[in-house]
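Please read the structure below before turning to the comments.
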4 protein chains.
Amino acid sequence: MSLREKKTAKKKADILRSAVEVIAEKGYHATTMEDIAAKLLMTKGSVYYYFKDKQDLLYQSYKMLLEQSNKMITEIINMNLPIKEKLEKVMKSHIVFIISERSSYGLKVKPEHYFEGEQLEIIFGLQENYANSFDQLIEEGIQAKIFSEVDVKIVRNLIIGAMNWVIQWYSTEGKKSAEEMAEIISEYLMKILIRS
Amino acid sequence: MSLREKKTAKKKADILRSAVEVIAEKGYHATTMEDIAAKLLMTKGSVYYYFKDKQDLLYQSYKMLLEQSNKMITEIINMNLPIKEKLEKVMKSHIVFIISERSSYGLKVKPEHYFEGEQLEIIFGLQENYANSFDQLIEEGIQAKIFSEVDVKIVRNLIIGAMNWVIQWYSTEGKKSAEEMAEIISEYLMKILIRS
Amino acid sequence: MSLREKKTAKKKADILRSAVEVIAEKGYHATTMEDIAAKLLMTKGSVYYYFKDKQDLLYQSYKMLLEQSNKMITEIINMNLPIKEKLEKVMKSHIVFIISERSSYGLKVKPEHYFEGEQLEIIFGLQENYANSFDQLIEEGIQAKIFSEVDVKIVRNLIIGAMNWVIQWYSTEGKKSAEEMAEIISEYLMKILIRS
Amino acid sequence: MSLREKKTAKKKADILRSAVEVIAEKGYHATTMEDIAAKLLMTKGSVYYYFKDKQDLLYQSYKMLLEQSNKMITEIINMNLPIKEKLEKVMKSHIVFIISERSSYGLKVKPEHYFEGEQLEIIFGLQENYANSFDQLIEEGIQAKIFSEVDVKIVRNLIIGAMNWVIQWYSTEGKKSAEEMAEIISEYLMKILIRS
DNA sequence: CATGAATGAGGCTTCATTCAT
DNA sequence: TATGAATGAAGCCTCATTCAT
């Protein structure tokens, strides 16, 4: 990658990060290209040099978020840890990620409304991959007789829902840090799974 | 209330219900007045006969949802039932309500972004009331030594989050009815609270 | 005229008066049918029983004002008074009329923009009649060697302009009554005409 | 000021001038953004690039007119001329200005209906400044025993009213040029003041 | 590359007008 | 007669997008 390419890539990443933040805060439709550009002291026009259109920006932001989540969960799955600790680690990472990025917006949205064709397939694929990884961990725990025999998909959805909701109520001004909160939450959620 | 007044009230309620559905489906900003009106075979203009503006429509829809939720939870609280059953009943009602209204959108939104002044206070008040009622049930269970000694607010938020998320994944075309699903979910979520 | 017809006529007159007031205050386009009706505790719908449309209301109001002005000036012309006193009387009446009706709006407007065809001709006719009457008085004064030999049309326009403008600055809360103010103004304006 | 800034300033001025003309012709409410833009072969959208909204356009047009008037009257006041000639010059300039700009609409309007807050204060300030300058000239003439001892404010209002009214009746297609007409009018109006 | 400017489609809102009751 | 409701045209305004410089 040449210097120029690197610069371009960096700029693209900057814009994506800015977009993620603003869209997460205000929602896709309420966010204007102006908003995204202004945050980077750019003009609207410049953003169009790097991204085809607003929809493209949304797609790439969302994709980036999902890829990061998938990367994270894959790494943890491949660690050499007891299943319970693995799942806890995933939950904690998920929560900290949501809080730090102040988003998960991608996850709150019905992708069918925003994407179509190939884009939609890719997004679905990434979401499915994450869900499957999650399910895999739950199933592993069940087989190890550490988790009780729950309906995997339902429980996965409950846990993800509870976690994604955190952004609605967690305040960075409160007493607990994101890590502490993630610790507490994952412990509570684990109760749904642990055999009693 | 005269016949005419009743008709007007009904129409208003119809519009609110339509608005709730569409906004829940597409989000506030992506929803047009046209969408809301078309669903009722009305014209945009007519909607303005009943509601001041789009914002007013959002406010009244949201308020209606919250009031219904509060009514529901209050009724259950006043029933003569064991605490565990009360909380389960609340959860089941919450889930069935969300699925049937195809919304909870109100609940997924940061009210500060959409309301201000007196409206915001009223909305906050209603939300707080619901949260407090929920907390009250949890605390009662803790005192009765039936629930374990959790952080009430955090657990409440987790449970509500998990439930509100249902709309993201539950499909009315699946095998389970809303009631069955609510039954299963409340059982799982109860595990967070029950002493082991 | 039957009782019913009388009632109708009265109602029409009421509406016209209301319309005159509101339109004078806010201007034709800024005035809504609602405004006019509300002032009489009526509904918009009712107004349409008496007047074809908004334009008709404007036309008839304007016509009424002009007819009243013409009636007034004709009456004064036919009085047995010295010419100077006649013209003063006309000016005072004009001013008091404007202040009391809080209008003259008709007069501030270019009729070509609001009327066409027969309506426009009638309005022009009434305006012309008023102007001619005014001119007639001025000419009479000139012939009597009491007024100096001015360009009649120009002076008439200046005087009418100065008078119509009164509504812009006269405050009913000030010290002087409409009549006192009319007295003072007509004295000043007379100076344009009086031989020195 | 860079070239680009100059261009922008020019465009803004163009739009203001266009707005002044159309609003003077049809009135604020009857004027559409389309009208204003079309006159300059622009699209509505472009106008919004330069002005926040229609109200802003009105405010800035009106302000510009008043500022020009104030500049004019101040310059004349500072000239070294007999008081009578000064006042005549002011009147003639006022009239020519009104005719050439085809407006004075600003001056025919009650600012309270269109502006509020700071805008209203600024407009009132500019109007007051003009009125005060006018009064100052009249008072100077009175003290010099050249004008008779009139009520300054009333006479000022009469003169301004008579002048602003000119736009209602002066036709550019008539025999007299704007300058000639201004000459004649100022002579007539001066009679209100001159001692006899 | 970046930006100021321009555009046009689309959404919100108002309001004159109509009409069934 | 009177009115509550409904309608649709028209006007304001925003904003994604394009383009010349």
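The chains referred to below are lettered A, B, ... by the order of the sequence lines, with proteins before strands, and numbering in each begins at 1.
- Taking atom CD of residue A:Q55 and atom P of nucleotide F:dC15, one finds them 19 Å apart after rounding to whole Å.
- The CG-C1' distance, from C:L41 to F:dT3, rounds to 14 Å in whole Å.
- Nucleic acid contact for D:K7: none, since no nucleic acid atom lies under 4.0 Å from a heavy atom of the residue.
- Closest heavy-atom contact between B:K44 and B:A37: N-CB, 3.8 Å.
- Considering D:E25, D:E34, D:E21 in turn, D:E21 is the only one that fulfils the salt bridge (Lys or Arg N to Asp or Glu O under 4.0 Å) rule with D:K39.
- D:E34 places its CD atom 14 Å from the P atom of F:dC13, with the value rounded to the nearest Å.
- The partner of E:dA2 is F:dT21, judged by Watson-Crick or G-U wobble contacts that both fall below 3.5 Å.
- OP1 or OP2 of E:dA5 sits under 4.0 Å from a side-chain N or O of D:Y49.
- For B:Y28 and A:M42, each mapped to the nucleotide of DNA chain E holding its nearest heavy atom, the one lying further toward the 5' end belongs to A:M42.
- In this model, no donor atom of one side chain and acceptor atom of the other lie less than 3.5 Å apart for B:Y50 and B:Q60.
- Across all strands, A:K11 comes closer than 4.0 Å only to sugar-phosphate atoms, never to a base (heavy-atom distances).
- Residue whose closest nucleotide on DNA chain F sits further toward the 5' end, between D:K52 and B:G45: B:G45.
- Applying the 4.0 Å criterion to OP1 and OP2 of E:dC1, one finds that A:T8 has a side-chain N or O inside that range.
- Using a 4.0 Å cut-off, some side-chain N or O of D:Y50 falls inside it from OP1 or OP2 of E:dA6.
- Contact annotation for D:S2: no contact, since no heavy-atom pair falls under 4.0 Å across all strands.
- Taking atom OH of residue A:Y48 and atom C1' of nucleotide F:dC15, one finds them 8 Å apart after rounding to whole Å.
- Taking only side-chain nitrogens and oxygens, D:R4 never comes nearer than 4.0 Å to OP1 or OP2 of E:dT3.
- Remark: C:D14 does not engage C:K11 in a salt bridge, criterion side-chain N to carboxylate O under 4.0 Å.
- If you take CG of C:L40 and C1' of F:dT3, they are 15 Å apart, rounded to a whole angstrom.
- Of the candidates F:dA16, E:dT13, E:dC15, E:dC15 carries the atom nearest the C:T32 side chain, counting heavy atoms from C-beta on.
- For D:M33, the side-chain atoms get nearest to F:dC12 when compared with the rest of F:dA16, E:dG4, F:dC12.
- Set against F:dG8, E:dC12, E:dA16, the side chain of B:K54 has E:dC12 as its closest nucleotide.
- Between B:S46 and F:dT7 there is a side-chain N or O to OP1 or OP2 distance below 4.0 Å.
- One interatomic measurement links the two molecules: CG of D:D53 to P of F:dG11, which rounds to 17 Å at whole-angstrom precision.
- Between A:K44 atom NZ and F:dC19 atom C1' there is a gap of 13 Å when expressed in whole angstrom units.
- Across all strands shown, E:dG8 is found opposite F:dC15 as a Watson-Crick or G-U wobble partner, with both distances under 3.5 Å.
- Look at CG on A:D56: it is 14 Å from P on F:dA16, rounded to the nearest Å.
- Other residues, nucleotides and ligands place no more than 12 heavy atoms under 6.0 Å from the CD atom of C:E116.
- In this structure, A:F51 reaches neither bases nor backbone, as no heavy-atom distance under 4.0 Å exists between it and the strands shown.
- With salt bridges taken as basic N to acidic carboxylate O contacts below 4.0 Å, one links C:E67 and C:K63.
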